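See below for the structure under consideration.
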Amino acid sequence: MSQHLCEIGYLSRSDGSSLYCIGGTVVLASVNGPGDVKASNRHYNRTQLDVCYSPSTGQSMIGERALESVISKTIEQAIIVHLHPRTAINVTLQEMQSDGLALSTSINAACLALLDAGVQMKSTFSAVTCCIASSGAIILEPTEAEIKESSAVVTFVFDGLEYNVLSAYQDGSLDSDTFNLCLIKCQLAAKDITAIFRKTIEDKHKFDKS
Amino acid sequence: MDSDITESLYIVLPGDQVLRFNPEENRDRIFIGPGLRWQDNVVRATKPGMLKKNGKNLYFVDTHQKRYIPQKREFVIGIVLKKKGDNYVIDIGGSEYATISYLSFENASKKTRKEMKPGDLIYGQLLVANKDMEPELVCIDVYNRAVGMGTLPGDGIMFTIPLHIARMVVDPQNPFLLMMGKQINYTVVVGFNGRVWIKARTQREKVAIMNAFTMLELMPLEEAVDSIPMFFSGFSVHLREDM
Amino acid sequence: MRETPLSTCERAAVLAAISRGVRLDNRGFLEVRDINLSFGKEYGSCTVTLGETRVLAQVTCEVVEPRPSRPNEGKLSISVRLSPMAAPHFESGRGNELMDELQMILDRNIKESRCLDLEALCIMAEESVWQLRVDVTVLNHAGNLGDACNLAAVAALRHFHRPDVSVEEDGRVTIHTFEESEPIATYMKKVPVCLTYAFFIIDENIHMLMDPSEKEERVMSGKLVVGLNPHGEITSLIFPGRVLLSKKDIMNCIKSAFKKAKFSAEMIQNLVDEDIVKRKSSVKVDGFAKNLISDTVYASHMVKKTIDKGQNFKFQVPRESDEENGSLNDEMDEDINDEESGDDNSDAKPNKSDILWRIQSIRQASTKDDDATHSMETDGESEEEEKKPKLTAQDLI
Amino acid sequence: MDIISPEGLRQDGRTATCLRTISCRLGLYDRPNGSAYIEMGNTKVLAAVYGPREVRSLSKQQLDDCVIQCQVSRIAACQGERVRRPMDPRTRAMSLQIAGVFQGAIRKSKYPGSQIDIYVQVLQADGGVMSACINASTLALIHAGVELVDYVVSCTASMYKQTAIIDVTNQETMNGCELTISLLPNKELIVSLDTSHTIHQEQFEPVMELAMTGCQQVYESMQSEVESYLRDKHAIMSHR
Amino acid sequence: MTSMEIWKIFEPDNYYKSFLEQNKRPDGRGLVDTRPITIKVGTVNTAEGSATVRIGHTAVMCGVKAELAKPALRKPNEGFIVPNVELYPCCSPKFKAGPPGEKAMEASQFIKNVIISSKMLNLEELCIKSNKLAWCLYCDVVCLNYDGNLLDAALVSFMAALQNVKLPEVTYDEETERIHVGLDRSIPVILKAKPVSTTFTLWSEEIQLIDPTAEDEDQGSGEVTVVLLEDGKMCTINKSGGQLITHETLDLFVRHGKEQIKKINDCIERALIEQMDAS
């Protein structure tokens with residue numbers, strides 16, 4: 001598993017923000033809300049969630065829009081949307097530096113930013129990417145180069161309770177046994193990530209006397 | 001256990017199981033505060049933060065956040081936006097604007113109605129606050145007395161701090177404000193929505209106090225309190241002789 | 001999401017403080033916030049922090065056909081983006097006045113000033129040229145975006161290296177990877193600098209501030225944006241009214257701007273070159289992962305500074321004089337703290353220390369510069385110079 | 001080819017310090033509260049002023065302040081090549097600046113809680129568009145009877161080789177800077193200043209000087225126009 | 001209006017639940033029964049290849065237009081294939097006119113993923129002259145009537161249309177740089193793989209519905225799409241958000257998916273043969 005670095009309380013203007021690095025991929029996430037929302041997308045019974053992802057180079061193409069929809073659907077499941085009706089939560093993700101793991105890094109960054117903002121959630125969620133090298137070996141959190149070589153790339157998002165699959169996103173083909181193997185490997189990795197989240201939050205609260 | 005003591009237990013993340021509670025079995029009742037929810041006999045956290053518990057079996061999560069979510073009976077500082085019929089529209093930093101009737105001020109009547117200009121500051125208490133209604137403020141208590149509530153003079157300085165700092169500072173035993181009081185004469189009003197209003201003798205003192213609050217976010221309370229004198233002289237603020 | 005309204009109280013507080021020569025963040029009137037650059041893994045990606053204002057600039061390149069009007073020149077396009085990340089009230093993908101203004105500043109300063117040698121970007125006349133595209137993204141809006149964006153864009157362009165190309169006889173262009181052959185640096189003739197002066201009219205006399213914070217920007221009566229380079233050229237000058245100035249004031253601004261420009265241009269050059277040298281020597285670059293400092297770290301750094309300043313604050317200020325010559329004190333305090341200020345690196349986070357140190361070095365340089373400008377102010381007496389009393393006994397200490 | 005001939009004359013036979021012919025008219029239409037038209041050489045601009053009136057958008061409303069909005073738009077055929085979008089970022093930025101100019105020049109304290117809209121239509125652009133817009137707006141505002149601190153007059157200047165040239169045309173700015181200044185002629189106060197393309201520090205001051213003198217000339221011709229307009233108006237009035 | 005219909009309008013959730021309790025769906029299917037599928041190829045003569053697919057009430061049409069283009073600089077000897085899914089308001093009131101919405105985007109991206117990850121066609125075969133000339137296949141999928149399960153329908157129509165494609169002979173003259181296009185369309189596109197997708201709607205921990213209708217999708221929470229190759233290898237899996245699923249359920253989906261493969265591919269075969277005979 002490659003090195004994870006993260007930091008919260010990154011931007012003074014946002015309600016919650018986090019910088020998350022997996023290997024060479026760096027994503028900055030910012031969360032605002034629950035705040036006011038335009039009448040056009042105001043819901044009487046739930047929060048409106050707007051996710052905006054912009055890649056490290058140039059403006060976002062259809063591929064990025066697809067990532068965006070995966071991320072937003074994932075987050076929508078995790079946060080408790082009915083607690084603050086007629087409000088909006090903005091999640092803005094900026095890929096600062098790309099090394100193949102845009103999706104998983106963005107999702108983890110988003111989760112941490114939501115935690116920083118104190119948005120009410122059912123549970124935390126964490127994403128892990130792994131790829132199948134041409135040799136058949138499973139590489140957790142590969143680099144861009146490794147992904148180019150690989151035959152398939154799978155990204156799982158797990159919830160923080162039973163580590164069930166919240167989202168799954170696959171490129172390239174592999175047989176179902178290998179798929180399950182990946183699933184199990186990633187599940188373990190996800191536990192570590194949740195530990196990182198916990199560590200970060202504890203660090204944030206280090207000044208509360210207990 | 002003494003009821004007004006709150007003990008901090010440990011840090012929780014959303015989804016963490018705090019305790020199992022089944023009303024059929026457990027006789028002793030518990031209260032669930034903000035950041036927790038009870039679902040099929042399990043109490044789970046929904047916010048990250050320090051899990052706290054007071055003597056009355058009240059459990060709640062103390063979160064660090066910047067965005068204010070109106071709560072009933074909380075004191076807040078609001079900004080007057082405009083007049084709407086018999087009400088003023090007030091921004092209290094929540095997702096919706098609050099309103100206050102011009103009658104809900106001390107000895108205000110149809111004749112002597114309270115006049116406020118847009119941009120004025122007002123210190124009031126939330127009478128109505130829930131997720132389905134727009135919040136309503138009042139500047140009087142149940143006995144129609146303004147207990148320190150009302151509009152705030154314009155010659156002060158207003159700034160925002162994270163909500164948990166505000167909650168921490170309003171505690172009358174909190175040494176931080178007391179310590180500053182030792183150094184400088186000043187008036188302070190703290191709203192639960194993270195807005196703080198301060199009035200001091202000189203501009204420089206106001207600015208110094210304003211900046212001093214940032215220390216609370218960045219260091220333990222004790223350390224912050226100790227470094228106040230240093231901090232003030234850093235702003236070349238003249239301190240009182242009696243220290 | 002809507003912007004939180006500005007209460008009359010806040011407005012009054014800012015003005016009152018300024019009229020007393022104090023700024024809400026305890027800066028001198030002509031003092032610029034700490035500047036810090038950090039570079040990403042790839043060439044030509046760079047974040048700039050100006051106090052808590054934070055801007056990301058990324059340069060990408062591709063081979064395109066040249067304009068028929070200019071067949072042997074490469075293309076350069078700059079685009080600014082304001083997302084809700086910068087401040088909650090910005091809408092993603094929706095332009096606004098601020099964005100137009102920034103776009104204009106950058107276009108004039110970097111594109112129209114032709115600080116980049118576009119001929120060098122030509123691969124084959126009338127066939128194919130390089131197009132450089134600079135994406136400037138505002139990450140955190142804490143005032144004075146103009147300067148920050150300009151800084152970021154320039155640094156990124158200067159830092160950028162494009163891949164080498166070779167042209168076969170049949171006109172086919174092959175792009176080599178960095179492994180195959182050394183990337184080529186972009187050559188920047190003159191480093192354009194952008195400086196913003198904010199003006200406040202408080203009962204009939206004008207106060208001039210540099211590098212306004214977000215709150216100050218909301219309160220200020222008018223501003224002057226000067227784009228220039230150390231070679232004594234004014235690349236752009238934007239003074240969009242709202243306040244009436246005499247010719248003298250403007251000339252003063254420009255004079256002082258040129259003094260600052262030199263320093264600031266050198267700073268960019270040094271930091272960029274320093275980083276490039278590091279890349280060339282070391283095998284691995286850690287990129288953003290390591291060397292970004294968060295606002296929290298920055299804030300604690302500032303607090304430490306103030307406290308240290310307090311610790312070696314020798315003399316008591318007499319109560320009366322404390323009021324008027326506030327701004328004067330600031331300048332002096334600066335000098336005091338900057339002598340000792342090296343020592344708060346030790347208790348800063350290890351991996352950040354070098355950056356904090358860099359901040360220090362910059363600060364020292366800049367404050368020296370401040371004094372320079374000030375001495376200048378004294379001969380060319382500007383408004384805020386007039387309202388300063390003559391030096392008091394303290395200055396002799 | 002040379003911008004200044006050896007005899008010291010420019011393409012259109014002017015000397016370096018000579019303005020193009022200015023002709024302006026007040027009150028072309030009656031629908032807007034004030035309107036004016038100005039021709040500076042081949043640059044032709046039309047301005048209309050609405051207000052003071054109620055503030056349209058509540059978001060902009062400030063109780064003790066006057067909202068001033070400006071909108072510049074160019075007709076498609078105003079330049080050599082056809083203008084695709086009449087409202088590109090550049091014109092929007094210009095609108096902002098013009099609005100700023102009159103923020104400073106209008107006695108806002110007289111119109112609390114109200115709004116003044118300035119609409120400028122560029123019919124033909126041949127250098128000095130911004131200054132033409134500002135001058136036209138000033139006349140329109142005067143025609144609308146809005147209280148101003150003073151006239152706001154604007155003029156451009158540039159540098160060719162070592163000689164400063166005033167009121168530049170398009171092709172004169174091809175390879176030179178264009179400095180647009182607008183000031184209050186009686187107070188000698190600068191309201192707005194705007195340069196595009198590089199100009200050297202030393203050259204800046206003389207160019208600015210020249211532009212300022214140019215402003216004074218512009219002022220005279222505008223002044224006379226306004227006087228004659230008022231004279232006719234008065235004559236008509238006194239007839240009744 | 002019958003009491004049933006009234007009930008449906010006023011209590012859609014209970015109405016729906018009452019069916020599931022009998023392991024049935026409002027359209028009478030069981031939970032693991034798919035809807036009948038009909039495929040017709042060569043429906044649009046102007047296109048190089050085309051197909052119309054009906055799954056229940058969902059009707060989707062795919063047309064492949066082939067155009068000649070200059071290869072990309074970085075890949076001088078590769079052609080292009082550009083899938084694009086359009087959802088017009090006419091197919092369902094859900095969709096608005098104007099730029100493609102999230103669902104359309106998602107579908108387009110989905111097909112693109114399948115193309116890449118199944119490696120179904122070798123783009124170099126679409127290249128005619130390196131760095132000079134190559135085929136660009138624009139595959140436009142249009143939804144005629146939307147009743148759920150867009151992804152499956154889109155993929156089937158896309159596959160069918162692609163197998164129906166016939167390209168003309170093209171020769172490129174080096175010296176004169178002239179391009180000569182043959183008259184008769186003869187050359188087919190060689191497909192290396194024939195992926196088949198199967199979509200499930202998650203209704204609860206236990207209940208998942210194969211081949212969902214629009215109603216199923218509204219009632220359920222999130223879809224899972226499993227794409228498999230003929231040999232049963234997993235091509236891609238697409239689950240974004242929605243109900244949590246355990247690892248066992250995933251296996252179950254894969255097993256169902258495997259059953260579909262043959263069925264669908266045979267269907268396409270038959271359609272192709274029919275069209276052959278017709279012409």
Side-chain angles (χ1 to χ4, degrees), chain A residues 2-15 17-38 48 50-60 68 87-99 105 113 116 143-145 203-204, chain C residues 1-4 38-42 44-47 49 51-54 56 58-62 77 79 81-93 133-135 137-143 214 284-300 349 351-352:
Chain A
S2 52
Q3 184 191 21
H4 288 237
L5 289 170
C6 59
E7 198 167 348
I8 53 174
Y10 209 80
L11 305 171
S12 60
R13 282 301 289 274
S14 313
D15 293 340
S17 56
S18 75
L19 182 84
Y20 205 97
C21 325
I22 304 179
T25 315
V26 183
V27 173
L28 181 59
S30 127
V31 170
N32 284 302
D36 62 302
V37 54
K38 288 202 304 297
Q48 158 78 9
D50 302 324
V51 174
C52 163
Y53 166 84
S54 42
S56 66
T57 51
Q59 60 283 79
S60 64
E68 209 170 274
T87 62
I89 294 181
N90 287 357
V91 179
T92 319
L93 297 155
Q94 172 68 46
E95 187 189 15
M96 308 274 285
Q97 187 174 290
S98 68
D99 192 9
T105 315
D116 185 29
T143 65
E144 185 122 44
D203 188 49
K204 180 187 181 185
Chain C
M1 261 169 238
R2 62 174 101 86
E3 190 174 16
T4 42
S38 54
F39 299 94
K41 200 160 95 292
E42 303 86 359
S45 87
C46 154
T47 53
T49 57
E52 284 177 339
T53 298
R54 188 181 292 268
L56 168 71
Q58 283 146 319
V59 184
T60 50
C61 67
E62 59 179 330
S77 71
S79 67
R81 276 186 34 259
L82 287 173
S83 62
M85 187 182 271
H89 63 272
F90 294 136
E91 288 173 35
S92 55
R133 173 185 167 80
V134 191
D135 289 283
T137 319
V138 181
L139 303 178
N140 200 44
H141 173 22
E214 199 263 349
K284 173 167 182 326
V285 280
D286 43 15
F288 284 136
K290 299 275 190 310
N291 57 21
L292 285 176
I293 51 173
S294 75
D295 287 348
T296 334
V297 174
Y298 174 74
S300 53
K349 287 197 183 178
N351 61 340
K352 320 253 170 173

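Since this is a predicted model, take the numbers as computed values, not measurements. Numbered from 1 within each chain, the chains take letters A, B, ... in sequence-line order.
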(message) With a 4.5 angstrom heavy-atom cut-off, is it the side chain or the backbone of A:Val37 that approaches chain C, or both, or neither?
(response) neither

(message) Heavy-atom pairs under 4.5 Å with chain C - which of A:Gly35, A:Cys21, A:Ser12, A:Ser30 has more of them than the others?
(response) A:Ser12

(request) Please look at C:Leu56 and chain A and tell me whether the side chain, the backbone, both or neither of the residue comes under 4.5 angstrom of a heavy atom of that chain. (result) side chain

(message) Using only atom types and a distance under 3.5 Å, with no angle test, would you say the side chain of C:Thr296 pairs donor to acceptor with the backbone of A:Gly9?
(response) yes

(request) Could you pull out the closest heavy-atom pair between A:Asn32 and C:Pro88, with the gap in Å? (result) OD1-CG, 3.5 Å

(request) Below 4.5 Å from any heavy atom of chain C, which atoms of A:Leu28 appear? Answer side chain, backbone, both or neither. (result) both

(request) Under 4.5 Å heavy-atom distance to chain A, tell me which part of C:Ala86 shows up: side chain, backbone, both or neither. (result) backbone

(message) For the interface with chain C, which of A:Ile22, A:Val31, A:Asn90 has the highest count of heavy-atom pairs at distances below 4.5 Å?
(response) A:Asn90

(request) Check whether C:Ser83 gets within reach of chain A through its side chain, its backbone, both or neither, counting any heavy atom under 4.5 Å. (result) side chain

(message) Working to the nearest 0.5 angstrom, can you tell me the gap between C:Met85 CE and A:Cys52 SG?
(response) 8.0 Å

(message) For the interface with chain A, which of C:Glu42, C:Lys41, C:His141 has the highest count of heavy-atom pairs at distances below 4.5 Å?
(response) C:Lys41

(message) If I take atom OG from residue A:Ser14 and atom CG from residue C:Asn140, how far apart are they, to the nearest 0.5 angstrom?
(response) 6.0 Å

(request) Pick one of side chain, backbone, both or neither for A:Ser98, based on which atoms fall under 4.5 Å of a heavy atom in chain C. (result) both

(message) So for C:Ser79, is it side chain, backbone, both, or neither that comes closer than 4.5 Å to the heavy atoms of chain A?
(response) neither

(request) Go through the atoms of C:Arg2 and report whether side chain, backbone, both or neither lie under 4.5 Å from a heavy atom of chain A. (result) both

(message) Nearest 0.5 angstrom please: A:Leu11 CG to C:Thr53 OG1, how far?
(response) 11.0 Å

(message) Donor-acceptor pair, distance only, cut-off 3.5 Å: does the side chain of C:Gln58 make one with the backbone of A:Ser56?
(response) yes

(message) With rounding to the nearest 0.5 angstrom, report the CG to OG distance, C:Asp135 to A:Ser54.
(response) 9.5 Å

(request) Select, from A:Thr92, A:Asp36, A:Leu93, A:Thr25, the one with the greatest count of heavy-atom pairs under 4.5 Å involving chain C. (result) A:Asp36

(message) Working to the nearest 0.5 angstrom, can you tell me the gap between A:Glu95 CD and C:Thr137 OG1?
(response) 11.5 Å

(request) Would you confirm whether A:Arg13, through its side chain, and C:Ala87, through its main-chain N or O, come within 3.5 Å as a donor-acceptor pair? (result) no

(request) Please round to the nearest 0.5 Å and tell me the distance separating atom CG of A:Asp50 and atom CD of C:Glu91. (result) 9.5 Å

